[in-house]
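Written below as structure tokens is the structure these notes are about.
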Amino acid sequence: ISVHNSASTTVSTAKIQSDFLDEVIRGLSASPKFLSSKYFYDELGDNLFQYIMNCEEYYPYRCELEIFQQHAPEIVAQITKSSAAIDLIELGPGDCSKSIYLLKQLTQDQVKFTYLPIDISTNVITFIEKNLPQAIPGINVQGLNGDYFDMLEKLSAHSGNKKVILFMGSNLGNMSPVDAIDFCRRLRRILAPGDQLILGMDLKKEPKEILAAYNDKGGLTKAFNLNLLKRINRELGADFQIGSFTHFPSYDPITGACRSYLISMDDQIVNIEGLEIGFKKHEAIYMEISQKYNAGEIDELAEISGFIPERKFHDSRSWFTDAIWVAV
Ligand code: AVI
């Protein structure tokens, strides 16, 4: 199933397409040029991301899976302290392959909870509502199809239960550090004191390991980036020559910013909706940030956004962390 499939949503397709066009034109008219990685996830992009998660070099998925396999009992203990019932809200649940360990543990410990996955993709929500009760009989699942914050607003009036938000997969890393603070503050405003956030984040580590994860030998990450140009050709009628762009990832061990670029290999002109966009030879399009943090930076992010860091869980190599924060 697709994790980020924006094709099937309650918002009108025409609106999505005009937002897509506006953002593409804005990004390619800017200096330096940029495109938003949120558009990576069309059907082919979803499939490529599934392959990336399973490729040898891309460690974050396996690290976080290990955390949930190994530490579910302690995570459950941390989120059920002093609360009779909880609403467990997952942002971007995918196929629940990691959160299922938490859901099984909550069920086994006979905790009263409702699982509320939120996703922009109807496919994701339909898949979960159909399949999760087969894996965990008796589970109370209420899928929410839409934008994270629209759905969270709706939920804030929903029940008096304690809320625990799950935001995993280092998805926060796809925001700049400034945008990440805004996002966490927005989450905080929706929560009440005592509610919790479980945040999965990739950690700073040996730079070569990070770079390799975004430059796999099989060329999946390259294809994932180039796929956005293909999508622009297909959906917006552009004429990118895909073969004349190459993928370039970089990692700055000081800031923790891992960035991907596409580089134009020639002077060339690309037409989009009657607009001519010129590229100089070796000009870059900034495609994606996958920000890496250290433990102290994650604690600072908690505090600056109105949370207190409570606990952190790591995989055996301490490459990835799931931090639990409590709203103050
Ligand atoms: C979804 N996100 C956390 C992935 C990441 O690691 O930034 C997307 C990705 N981009 C290239 N490989 C994986």
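Whatever order the structure lists ligands and atoms in, that order sets their numbers, starting from 1.
- Annotation: Gln241, atom CD; neighbour count of heavy atoms from other residues, nucleotides and ligands within 6.0 Å does not exceed 12.
- The shortest N or O to N or O distance between Thr221 and ligand 1 is not below 3.5 Å.
- For Tyr41, no nitrogen or oxygen atom sits less than 3.5 Å from a nitrogen or oxygen atom of ligand 1, counting backbone and side chain alike.
- At a 4.0 Å heavy-atom cut-off, ligand 1 does not touch Asp202 at all.
- The side chain to side chain contact (heavy atoms under 4.5 Å, CB included) test with Leu116 singles out one residue from Glu90, Met151, Gln142, and that residue is Gln142.
- Annotation for ligand 1: atoms under 4.0 Å from non-hydrogen atoms of Gly169 are 3 (C).
- For an aromatic pair to be called close, the ring centres must be under 6.0 Å apart, and Phe40 with Phe224 satisfies this.
- In this structure, Phe149 has its ring center under 6.0 Å from that of Phe183.
- Ring orientation note: the planes of Tyr58 and Tyr214 are nearly perpendicular, at an angle over 60° on the 30°/60° scale.
- Close approach of ligand 1 to Tyr58 is summarised as follows: ligand atoms under 4.0 Å from at least one heavy atom of the residue are 4 (C), 5 (C), 6 (O), 12 (N), 13 (C).
- Ring pair His71/Phe313 is tilted by interplanar angle, where 30° to 60° counts as tilted.
- Enclosure of atom CD in Glu206 by more than 12 non-hydrogen atoms of other residues, nucleotides or ligands within 6.0 angstrom is indicated.
- At under 3.5 Å, a nitrogen or oxygen of Ser290, whether backbone or side chain, sits near a nitrogen or oxygen of ligand 1.
- Residue-to-ligand polar distances place Asn174 within reach of ligand 1: an N/O pair is separated by less than 3.5 Å.
- Of all atoms in ligand 1, numbered sequentially from 1 with element shown, those under 4.0 Å from a heavy atom of Ser170 are 3 (C).
- The Glu288 neighbourhood of ligand 1 comprises atoms 7 (O), 8 (C), 9 (C), 10 (N), 11 (C), with distances under 4.0 Å to a heavy atom of that residue.
- With a heavy-atom cut-off of 4.0 Å, Phe40 does not touch ligand 1 at all.
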